Amino acid sequence: MAKKPSNNYAVIGLGLFGGSVCKTLTDRGQDVLAIDINETQVNTYAPMVTQAVIADATDETAMNNLALGSFDHVFICIGQNMQASIMATLIVKELGAKDVICKAESPLHARVLNRVGADHVVQPEVDMGQRVADRVLEPNILHY
Ligand code: ATP
């Protein structure tokens with residue numbers, strides 16, 4: 001697939017969702033900083049991305065030292081630890097990140113993320129369920 005114009009990306013939280021975001025971006029030739037609190041997750045993605053770092057996304061100093069505010073796009077892919085997801089979103093927005101995309105586990109979680117400044121909030125299961133149903137209902141339409 002064609003390489004898109006160069007941007008820099010940070011992905012925080014390397015579970016299934018964040019890992020998939022990392023892989024897609026790197027497959028498209030983009031620079032990716034991958035961050036997780038868990039060493040095993042970081043070691044898994046380190047060979048794939050530009051830089052992989054063990055850090056706690058709720059540690060403001062650590063996020064500042066990693067210059068999260070200077071990234072074009074920051075993905076917060078922490079779901080179950082809602083407190084960490086909300087705090088990380090607030091921190092990276094206050095550091096100046098222009099485009100922060102967050103994963104939410106529930107509609108209420110999504111509302112809180114919007115309130116603290118998330119630019120885009122996705123609920124993967126809900127969004128994918130809609131897309132799968134749309135695809136069955138309208139098979140002749142090109143779905144993205
Ligand atoms: P997925 O569905 O994407 O696999 P999950 O719902 O099973 O994710 P989550 O709790 O959303 O699990 O965590 C996703 C990743 O975020 C994990 O790899 C976890 O180690 C990481 N993570 C959780 N809290 C923090 C934090 N404070 N700082 C950085 N990474 C974190």
Side-chain angles (χ1 to χ4, degrees), residues 1-137 142-144:
M1 207 175 279
K3 181 173 173 170
K4 286 177 72 73
S6 212
N7 275 307
N8 58 11
Y9 300 84
V11 179
I12 302 176
L14 305 173
L16 278 176
F17 181 76
S20 174
V21 171
C22 278
K23 183 171 184 324
T24 305
L25 291 170
T26 51
D27 284 352
R28 297 281 298 269
Q30 301 299 313
D31 287 329
V32 177
L33 166 66
I35 298 169
D36 201 287
I37 200 166
N38 181 316
E39 184 178 359
T40 307
Q41 296 306 101
V42 172
N43 288 340
T44 301
Y45 289 93
M48 188 190 296
V49 298
T50 315
Q51 195 187 359
V53 175
I54 304 165
D56 181 350
T58 68
D59 179 341
E60 202 163 359
T61 307
M63 295 301 101
N64 192 19
N65 289 342
L66 289 166
L68 264 295
S70 70
F71 280 76
D72 297 311
H73 307 276
V74 180
F75 292 83
I76 313 265
C77 307
I78 303 169
Q80 286 174 26
N81 187 346
M82 229 173 263
Q83 185 177 336
S85 133
I86 293 161
M87 286 168 69
T89 302
L90 182 70
I91 288 168
V92 297
K93 278 312 288 181
E94 286 191 353
L95 287 174
K98 290 187 280 290
D99 185 35
V100 179
I101 305 108
C102 301
K103 166 188 158 177
E105 292 287 298
S106 68
L108 190 59
H109 185 193
R111 276 162 57 196
V112 177
L113 291 169
N114 280 313
R115 287 279 178 136
V116 298
D119 297 283
H120 302 279
V121 179
V122 296
Q123 274 189 260
E125 288 86 356
V126 174
D127 298 344
M128 190 47 78
Q130 284 170 354
R131 288 176 63 176
V132 169
D134 278 344
R135 215 169 271 185
V136 171
L137 288 169
L142 201 55
H143 295 278
Y144 290 96

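Counting from 1, the numbers follow the sequence of the chain as shown. Predicted, not measured: the structure shown is a model, and the values here were computed from it. Atom set for the values below is all heavy atoms of this structure, side chains included, hydrogens, waters and symmetry mates excluded. Just follow the structure's listing: the first ligand is 1, and inside any ligand the first atom is 1.
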Subject >> Close-range residues for ligand 1, whose non-hydrogen atoms fall below the 4.0 Å threshold >> reply: G13, L14, G15, L16, F17, D36, I37, N38, Q41, A55, D56, A57, C77, I78, G79, Q80, N81, A84, K103

**OP:** Give a yes or no answer on whether the side chain of N8 reaches the backbone of F71 with a donor-acceptor pair at less than 3.5 Å.
**Re:** no

Original post:
Got a sec, which pairs hit salt bridge (charged side-chain N to carboxylate O under 4.0 Å, His left out) with one end in residues 100-117, sequence neighbours left out?
Top reply: K103-E105

Subject >> salt_bridge(D119, K93) N-O dist < 4.0 Å >> reply: yes

**OP:** Sort out for me which residue in I91, L95, V92 forms a side chain to side chain contact (heavy atoms under 4.5 Å, CB included) with N64.
**Re:** L95

Original post:
Hey, does L113 have a side-chain heavy atom less than 4.5 Å from the side chain of I86?
Top reply: yes

Original post:
Quick one: are L68 and I12 in side-chain contact, heavy atoms under 4.5 Å?
Top reply: yes

